[in-house]
K.L.:
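Take a look at the following structure, please.
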There are 2 protein chains.
Amino acid sequence: MDSNISEIYSLIQDLSWYFGNQGFDGECCEDLSLVEYMALKKVCAIKNITIQEIGAALNITKSGVSKVIDRLEEKDYVLREQSSEDGRVCCVKPTEKGLNAVKKISDRYSEYLMEVLDSIEKDLLVNIRDVMELLYKAIREKGYIK
Amino acid sequence: MDSNISEIYSLIQDLSWYFGNQGFDGECCEDLSLVEYMALKKVCAIKNITIQEIGAALNITKSGVSKVIDRLEEKDYVLREQSSEDGRVCCVKPTEKGLNAVKKISDRYSEYLMEVLDSIEKDLLVNIRDVMELLYKAIREKGYIK
DNA sequence: GATAATAGTTGATGATGGAAACTATATTTG
DNA sequence: CAAATATAGTTTCCATCATCAACTATTATC
């Protein structure tokens with residue numbers, strides 16, 4: 001086992017903890033939980049996304065997604081709409097409030113990251129982005145660990 | 001706002017989702033939840049760690065940690081021991097089973113990562129590790145986002 | 001048209017984390 | 001040294017939230 005791999009794994013895990021539920025504090029995110037925010041991001045990113053698509057993207061059951069969308073709809077971040085092509089399908093769209101919230105939270109986190117990476121040189125920053133991108137794409141292609 | 005920062009933020013968040021609760025599946029991890037595993041890792045890494053130290057490391061309350069340790073102790077992954085120096089303090093130690101579990105799970109994830117990073121060159125791997133390390137250290141120094 | 005398949009919702013249940021009250025021990029103070 | 005205060009950890013109550021299985025509504029198949 002390449003020791004670099006073990007170290008990378010451990011670093012990702014610890015990093016993930018910071019950006020997971022424990023690091024994601026209600027205060028900086030309006031009234032959104034992490035999963036609500038993740039779902040909202042998908043809704044904003046993909047036009048007319050369905051319940052099951054959100055579930056596939058976030059690795060949660062359709063039942064779980066349905067309730068997340070309930071909450072988001074109740075708080076006026078998204079709207080449900082029946083698909084005109086298939087009456088069984090529920091298309092989810094962001095409201096103006098939803099779009100704004102995603103932007104605001106994203107900005108807040110970026111600002112935090114900017115402070116964190118303050119002393120780091122520009123070209124190294126590009127390198128970080130490239131590395132993260134490569135890593136994420138590879139993992140996404142591979143799918144969730146089973 | 002440097003667009004690299006926004007992209008890095010977004011990548012970390014998505015990556016974190018994979019390695020957070022949603023990607024951490026009971027099947028590959030004995031009977032441990034993510035928080036249980038994270039706590040167990042701390043217990044294995046730091047000799048005679050206390051409840052509050054675990055809480056500080058994982059950003060959860062002492063009440064929460066107490067219950068996580070309850071579960072870990074019940075499943076025989078850790079032991080509680082009263083500190084000889086201060087009777088109020090509870091030192092937590094891993095059992096043999098606990099040590100083995102951490103190793104096994106860590107290996108399982110590393111194996112997954114190895115498959116993911118299969119096609120990547122050795123020197124780029126070192127680069128990835130360095131970047132992740134830099135990022136993690138910077139974030140840890142900064143503390144949790146508030 | 002009847003049957004099967006599919007998308008989404010709902011009710012019951014279980015896991016789990018936080019706040020506040022509580023216990024036990026240690027430290028400070030008069 | 002006894003009382004008051006502080007601290008570490010536990011427990012109780014409660015809120016959140018995800019899953020499973022059953023259900024509804026719609027579409028596809030035969």
Side-chain angles (χ1 to χ4, degrees), chain A residues 17 20-27 29-40 42-43 46 48-75 78-93 144, chain B residues 17 20-27 29-40 42-43 46 48-75 77-93 144 146:
Chain A
W17 193 256
N21 270 305
Q22 290 318 312
F24 197 85
D25 213 340
E27 315 208 0
C29 322
E30 321 279 317
D31 50 358
L32 294 171
S33 70
L34 180 56
V35 66
E36 284 163 14
Y37 173 59
M38 293 299 288
L40 181 55
K42 296 291 174 197
V43 170
I46 299 167
N48 286 325
I49 196 168
T50 68
I51 298 287
Q52 312 230 36
E53 284 167 348
I54 296 171
L58 300 183
N59 201 32
I60 48 184
T61 63
K62 59 181 184 172
S63 157
V65 176
S66 181
K67 278 175 245 196
V68 170
I69 299 301
D70 278 351
R71 271 140 44 202
L72 285 173
E73 195 170 25
E74 205 158 298
K75 290 186 272 196
V78 303
L79 289 172
R80 274 181 171 92
E81 209 167 89
Q82 196 179 36
S83 166
S84 54
E85 289 171 17
D86 184 336
R88 296 168 299 183
V89 172
C90 166
C91 297
V92 186
K93 298 165 189 266
Y144 284 95
Chain B
W17 193 256
N21 271 304
Q22 292 316 314
F24 195 87
D25 211 340
E27 314 210 358
C29 323
E30 321 280 317
D31 49 358
L32 294 171
S33 70
L34 180 57
V35 66
E36 284 163 13
Y37 173 61
M38 293 299 288
L40 180 55
K42 296 291 175 196
V43 170
I46 298 168
N48 285 324
I49 196 170
T50 68
I51 297 288
Q52 310 231 37
E53 283 167 349
I54 296 169
L58 300 182
N59 201 32
I60 49 184
T61 64
K62 58 182 184 169
S63 155
V65 175
S66 182
K67 277 177 269 192
V68 171
I69 299 302
D70 279 351
R71 271 141 44 203
L72 285 174
E73 197 170 22
E74 205 159 299
K75 291 185 271 197
Y77 288 104
V78 303
L79 288 173
R80 273 182 170 94
E81 209 168 90
Q82 197 178 35
S83 166
S84 52
E85 290 171 15
D86 184 334
R88 294 168 300 185
V89 173
C90 166
C91 297
V92 186
K93 297 164 189 266
Y144 284 97
K146 286 293 179 305

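Throughout, a chain's letter reflects where its sequence line sits, starting with A, and its residues are numbered from 1. As a basis for the values below, the full set of heavy atoms in this structure was taken, side chains included, without hydrogen atoms, waters or symmetry mates.
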K.L.:
Return the minimal non-hydrogen interatomic distance between A/G87 and A/Q82, and the atom names on each side.
P.N.:
O-NE2, 2.7 Å
K.L.:
Which pair of heavy atoms, one from A/V65 and one from A/G55, lies closest together, and at what distance?
P.N.:
CG2-CA, 3.4 Å
K.L.:
In whole angstrom, what separates B/I69's CD1 from D/dA8's C1'?
P.N.:
14 Å
K.L.:
What nucleic acid atoms does B/E36 come within less than 4.0 Å of, heavy atoms only: base, sugar-phosphate, or nothing?
P.N.:
sugar-phosphate
K.L.:
Going 5' to 3' along DNA chain C, which nucleotides are the first and last within contact of chain B (any atom under 4.0 Å from a heavy atom)?
P.N.:
C/dT16 to C/dA26
K.L.:
Keeping A/W17 on the side-chain end and B/L58 on the backbone end, is there a donor-acceptor pair under 3.5 Å?
P.N.:
yes
K.L.:
Hey, does the side chain of B/E36 reach the backbone of B/S33 with a donor-acceptor pair shorter than 3.5 angstrom?
P.N.:
yes
K.L.:
Using a cut-off of less than 4.0 Å, is there contact between a side-chain N or O of A/R71 and OP1 or OP2 of D/dT16?
P.N.:
no
K.L.:
Donor-acceptor pair, distance only, cut-off 3.5 Å: does the side chain of A/E73 make one with the backbone of A/R80?
P.N.:
yes
K.L.:
Keeping the roles fixed (side chain from A/N59, backbone from B/Q22), state whether a donor-acceptor pair exists under 3.5 Å.
P.N.:
yes
K.L.:
When you measure from the side chain of A/K93 to the backbone of A/V78, do you find a donor-acceptor pair of N or O atoms at a distance under 3.5 Å?
P.N.:
no
K.L.:
Any chance you could list the contact pattern along nucleotides 19-30 of chain D? Use B for base contacts, S for sugar-phosphate-only contacts and - for none, protein heavy atoms under 4.0 Å, 5' to 3'.
P.N.:
BBB----BS---
K.L.:
Rounded to the Å, how far apart are B/E73 CD and D/dG9 P?
P.N.:
13 Å
K.L.:
For A/V68 and A/A39, which heavy atoms make the closest approach, and how far apart are they?
P.N.:
CG1-CB, 3.8 Å
